[in-house]
Amino acid sequence: MRVDLGNALAGVAEPGVSRAALDDLDERVADAHERIERGRADAERGYAALNLPETVDPDEIRRAVEPFADAEAIVTVGIGGSALGAATLASALPAETPAYFLDNVDPEHVSRLLDDLPLDATAVNVVSRSGTTAETLANFLAVREAMADAGVDWTDRTFVTTGEEGNLRRLAEREDLPALDVPEGVPGRFSALSTVGLACAAIQGHDLDAILAGASDEGDRLAGSLYESPAYAYGATAYALEERGAGVNAMMPYAESLETFAEWFAQLWAESLGKDGRGQTPARALGATDQHSQLQLYRAGPRDKLVTLVRPEERRDRAIPETELEGLSYLGGSTLGDLLDAEFEATEASLAEAGRPTVRVEVDRVDERGLGELLYGMEAACVLYGELAEVSTFTQPAVEWGKKAARGLLGGGDFEEADAVADKTTLTVE
Ligand code: PA5
């Protein structure tokens, strides 16, 4: 992963960060790096995520999914960090076996998918660290029922990825389902490079070793200076810009295949850093599509944004056919990739010209290795940002609050969070 901070510097952008301020910040980056390395050495909660490229066993994952090698489709039932890593890989990498994700409990979406799937040839991976998340368990029950109704033995088609305890672990033990363990001490949103994110990729036949090698290379580049580590350069700059008023971080990849990556990034950034009044609100955009929508706001709206422009340097390309149409000869002879690259450069220049901060992030290609670099790089950037902002990066009390309130409302336990729903202030207009 390569990071170019030039357009986030004061003098180019407002808000911007000066070289002197970055040099000062670099001393804090060195201290933060030491804390991160200590956390990694002790495999402390959260920091253990940065050890995953070395601790995860791809053979174990491949062995676990072997019984599903003939699947015509794979459905991951999970939500948040239990789905988005796998979804990022699935939507970025072409595969013969289609992957679907049941995260939301929208009954129309669930019914439509279950109606369409070849249930007797579908592999189902139920993923939940806690094993207690209502959406995941409810969707799993719906899948199980649909399989039973179709005369399919769901126990032949299902495996679980979960923690040591919880409803899902008990179910796996009772039904003797194949089970993968979630990694110890790694929150869902940091678990893309583990059993949680990689099982679906393994069934789809992707190269897990290359994903982990890309991640490992990025990890090897973590160092006690932001000038030596692309991941830290990004995390430190985003932090410095938030301090200077950029409370929004718009993630804008110039690759359709990275659209879900922007969704994954939004969760990582929001759930990890949104604490104690701190954090950047992630926005999701797609180049070049959103040049024709959100770019207006990014260039001329409030000066509260960092725009992160991501692109692969190489991609499968396609020539634009020569045309006799008047005024369009400039397109013929170019490729769609040339056009997309020109759009990328133009957006970057347009934002710089208006004094709006951007950071450019590049990988060689959107392939297994490039994705490993991106996922690991953004996780390390997030961990560094959390250290600098002194927030508890690896907890998610607001998310837990909502989970308890919903379970309480459905009679799934005595949770005081559910009582707050009754206190809602209303001002109804009909
Ligand atoms: O990142 C997180 O911790 C969350 O987004 C969880 O992944 C999400 O809430 C799902 O939790 P679980 O895996 O326990 O079902």
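Only a predicted model underlies this, so the values are computations on that prediction, with no experimental measurement involved. Sequence positions, counted from 1, serve as the residue numbers for this chain. Scope of the values below: all heavy atoms of this structure, side chains included, with no hydrogens, waters or symmetry mates. Every number for a ligand or one of its atoms is a count from 1 in the order of the listing.
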- Task: Could you pull out, from K403, E271, R129, E400, the option with a heavy atom nearest to atom 4 (C) of ligand 1?
- Result: E271
- Are R369 and D217 within salt-bridge range, i.e. N to O under 4.0 Å? yes
- Message: Please determine whether a side-chain nitrogen of the Lys or Arg among R278 and E242 lies less than 4.0 Å from a carboxylate oxygen of the Asp or Glu.
- Response: yes
- Scan T76, N125, D181, T195 and name whichever one has a side chain to side chain donor-acceptor pair (under 3.5 Å) with T161. N125
Which atoms of ligand 1 have any heavy atom of [X] under 4.0 Å away?
X: S82; value: 7 (O), 12 (P), 13 (O)
X: T133; value: 11 (O), 12 (P), 14 (O), 15 (O)
X: Q396; value: 3 (O)
X: R189; value: 1 (O), 2 (C), 3 (O)
X: G81; value: 5 (O), 6 (C), 7 (O)

- With sequence neighbours excluded, what pairs up with N104 under the side-chain contact (heavy atoms from CB on, under 4.5 Å) test? D106
- T358 and E348: side-chain donor and acceptor closer than 3.5 Å? no
- Are D290 and S293 close enough that a side-chain donor and a side-chain acceptor fall under 3.5 Å? yes
- Protein heavy atom at shortest distance from atom 8 (C) of ligand 1: I79 O, 3.5 Å
- Measure the distance from atom 14 (O) of ligand 1 to every protein heavy atom, then report the residue, atom name and distance (to 0.1 Å) of the closest one. S130 OG, 2.6 Å
- Taking both backbone and side-chain atoms of Q267, is any N or O found less than 3.5 Å from an N or O belonging to ligand 1? yes
- Query: If you look only at pairs with a residue in residues 421-430, which of them pass as a salt bridge (charged side-chain N to carboxylate O under 4.0 Å, His left out), with sequence neighbours excluded?
  - Reply: none
